[in-house]
Amino acid sequence: MSHVSELRLRDATVEAARVKLRSGESLSQEDGVRLFDAPVMELGRLAHAVARDRHGERVCFTVNRQLNPTNVCVLACKFCDYAKNPGASGSYTMTREQILEHVDPEITEIHIVGGLHNTWRFDDYLDIIRWVKEKKPSLSVKAYTAVEIDFFCRLTKKPAEWVLGELRAAGLDALPGGGAEVFSERVRRELFHQKIGAKRWLEIHEIAHGMGIPSNSTLLYGHIETRAERVQHMIDLRDLERRAPGFFAFIPLAFQPGVTGLVRRQASAIEDLKTIALSRLVFDNVPHVKAYWIMLGQDTAAAALHFGATDLDGTIGQEKIAHAALAKSPVGMAEASMVQMIREAGKLPVQRDALYRVIREYPRHEPVETPARAAAAASA
Ligand code: V47
Ligand code: SF4
């Protein structure tokens, strides 16, 4: 018997969603919008049951580093506190040495994302992958969003297939999910009119999946978008995963208002948890929903493990994008703290790489060190 089959719910809207999902039917946009108004704990129970049917009690994370090689960007999205125009104060471009400092010996994944630099050529972006791979060949490289891929197409005047082929030859393993924002033309015109929209983002990920390059997907929520637009975004991704499977994870990114002036404060923890649960219920064919603790904060991310999330990203190191927008979370987390956070939520920690291959499974509890065990280990 599955957890979804066994679940007994009190709320009629959530129960109707459970019946649909149990019979293999996907939720519609109307279902999703209605569910946002349902009792949050009931939503969480259903999303948690769906997650447990897929992954049991396992929650994965990576020991990774985020590398943001430059914040110089030729665009100026209204929600972005990270990017600086060329020559502006506070702009930076890392040297090869600074980039290589990010390749710590213990990491297994590097996540590379940055601005659309005004003077860099495609080769400069390829070099970054080549350098990190040269320093640590076993490293999985998750690099460059669809926005950057489209920029490389324009720089080289070549199609996305060619650009992705060159990146793969340099050592790229997977694409991150950034740059999707919200698949709503209304929001795009208002907040990021210079940047690619839904059609091109989805096209690039479809091409990558077709070439065997897996990827992630994101949603930026908590600014001017509506709940209906959030749900439609999840449905568009679900449709792409049906046509061209290849997503590992969906990451709802909680907008950090910083000094953008777009909204006064970040979405509430309740809204975060509802969005995580809805992601699990609506985007029903994505393997993992990721609770990105850098933007959610550690407490909400831990709670999200009972609302459908089964992935915590990773230890991350020096994150810059959310912290430029004044995120309050620490800039990185130690592996031991991540394991403890998962255990405290009653879950089983699993360390993975960027391709979701298992590196290490941790027991539910740390074995207690007794004098007899220590003596036995010493004499072994
Ligand atoms: O595309 C920019 C977003 C994204 C803000 O694939 C902001 O595993 C919140 O995509 N508040 C980049 N978000 C980060 C990203 C990501 C993060 C973690 C894991 C993965 C993955 C991908 O950050 C951008 C944009 O949507 N962003 N500014 C802000 N103030
Ligand atoms: Fe540039 Fe990306 Fe920031 Fe937009 S969100 S300004 S493309 S770095």
Side-chain angles (χ1 to χ4, degrees), residues 14 32 35-52 55 57-62 64 66 79 81 177-178 182 216-223 225 227 230-231 233-234 249-258 260 262-283 286 288-316 319 321-334 336-349:
V14 187
L35 283 166
F36 259 113
D37 286 324
V40 61
M41 300 315 281
E42 291 273 276
L43 262 184
R45 289 176 65 218
L46 179 57
H48 192 206
V50 170
R52 289 170 86 199
H55 301 288
E57 301 303 334
R58 294 153 66 89
V59 168
C60 55
F61 72 97
T62 70
N64 64 351
Q66 201 167 116
F79 61 81
D81 266 350
V182 191
N216 285 337
S217 51
T218 58
L219 157 74
L220 183 68
Y221 72 93
H223 43 91
E225 88 294 352
R227 284 171 167 181
R230 271 187 229 175
V231 176
H233 184 98
M234 296 168 195
F250 176 55
I251 311 137
L253 299 170
F255 176 58
Q256 314 290 300
T260 57
L262 283 183
V263 284
R264 270 194 297 158
R265 60 176 72 89
Q266 183 173 342
S268 69
I270 298 289
E271 191 68 16
D272 291 335
L273 294 174
K274 283 187 169 184
T275 305
I276 295 271
L278 257 297
S279 305
R280 184 61 283 170
L281 299 178
V282 175
F283 194 174
V286 74
H288 291 278
V289 173
K290 189 187 278 190
Y292 190 46
W293 60 269
I294 286 273
M295 292 178 188
L296 292 173
Q298 286 158 296
D299 293 343
T300 306
L305 302 181
H306 289 262
F307 282 76
T310 48
D311 187 338
L312 274 181
D313 198 90
T315 50
I316 299 175
E319 196 279 341
I321 297 173
H323 288 93
L326 311 176
K328 293 185 198 75
S329 57
V331 286
M333 223 166 134
S337 316
M338 186 133 280
V339 169
Q340 192 188 349
M341 182 170 163
I342 297 171
R343 280 186 175 143
E344 278 177 10
K347 300 287 179 186
L348 290 167

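Just so it is clear, the values below take in all heavy atoms, side chains as well, and ignore hydrogens, waters and symmetry mates.
A heavy-atom distance below 4.5 Å is not found between the side chains of Q340 and P349. R45 has its side chain within reach of E42: a pair of non-hydrogen atoms, C-beta onward, lies under 4.5 Å apart. In this structure, the side chains of M333 and I294 stay at 4.5 Å or more apart for every pair of heavy atoms. With a 4.5 Å cut-off on side-chain heavy atoms, P257 and L326 do not count as touching.
Put simply, CE on M338 and CG on L312 are 5.0 Å apart, with the number rounded to the nearest 0.5 Å. Taken from CG in N216 to CG in D311, the straight-line distance is 8.0 Å, to the nearest 0.5 Å. Rounded to the nearest 0.5 Å, atoms OH (Y221) and CD (Q266) are 7.0 Å apart. Summarising the geometry, atom NE2 belonging to H48 is positioned 10.0 Å from atom OG1 belonging to T310; distances are rounded to the nearest 0.5 Å. Atoms OH and CG, on Y292 and D313 in that order, are 5.5 Å from each other to the nearest 0.5 Å. Taken to the nearest 0.5 Å, the CG atom of L281 stands 6.5 Å off from the CG atom of L43.
Taking the six-membered ring for Trp and thresholds of 30 and 60 degrees, F250 and H233 have ring planes inclined between 30 and 60 degrees apart.
W293 contributes a side-chain N or O that, together with a main-chain N or O of G314, makes up a donor-acceptor pair within less than 3.5 Å. A donor-acceptor pair under 3.5 Å is absent between the side-chain atoms of K347 and the main chain of I342, judged by distance alone. In this structure, R343 contributes its side chain and G346 its backbone to no donor-acceptor pair below 3.5 Å.
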Practice item. Could you walk me through whether T315 and N64 pass side chain to side chain contact (heavy atoms under 4.5 Å, CB included), step by step? Key: CA-CA 6 Å; T315 50; N64 64 351; 3.8 Å; yes

Check your understanding: Hey, mind stepping through L278 and F36 against side chain to side chain contact (heavy atoms under 4.5 Å, CB included) and telling me if it holds?
Key -> CA-CA 7 Å; L278 257 297; F36 259 113; 3.8 Å; yes

Exercise for review: Could you go through the side chain to side chain contact (heavy atoms under 4.5 Å, CB included) check for L296 and I276 one step at a time?
Suggested key: CA-CA 11 Å; L296 292 173; I276 295 271; 4.3 Å; yes

Review point. Can F307 and D272 be said to form a side chain to side chain contact (heavy atoms under 4.5 Å, CB included), step by step?
Key: CA-CA 10 Å; F307 282 76; D272 291 335; over 6 Å; no

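The heavy-atom pair separating R230 from T275 by the smallest distance is NH1-OG1, 2.9 Å. What you find for S329 and H323 is that their closest heavy atoms are O-NE2, 2.7 Å. Smallest separation of non-hydrogen atoms from P252 and K290: CD-O, 3.6 Å. Across all non-hydrogen atoms, the minimal contact from G308 to R280 is O-CD, 3.5 Å. Nearest heavy-atom pair across H223 and E225 is N-OE1, 2.9 Å. Summarising the geometry of A291 relative to A309, their closest heavy-atom pair is CB-CB, 3.9 Å, with the distance given to 0.1 Å.
Each side chain to side chain donor-acceptor pair (under 3.5 Å) pair with one or both residues in residues 294-309, not counting sequence neighbours, would appear here, but there are none.
In this view, R227 and D37, E271 satisfy the salt bridge (Lys or Arg N to Asp or Glu O under 4.0 Å) rule, not counting sequence neighbours.
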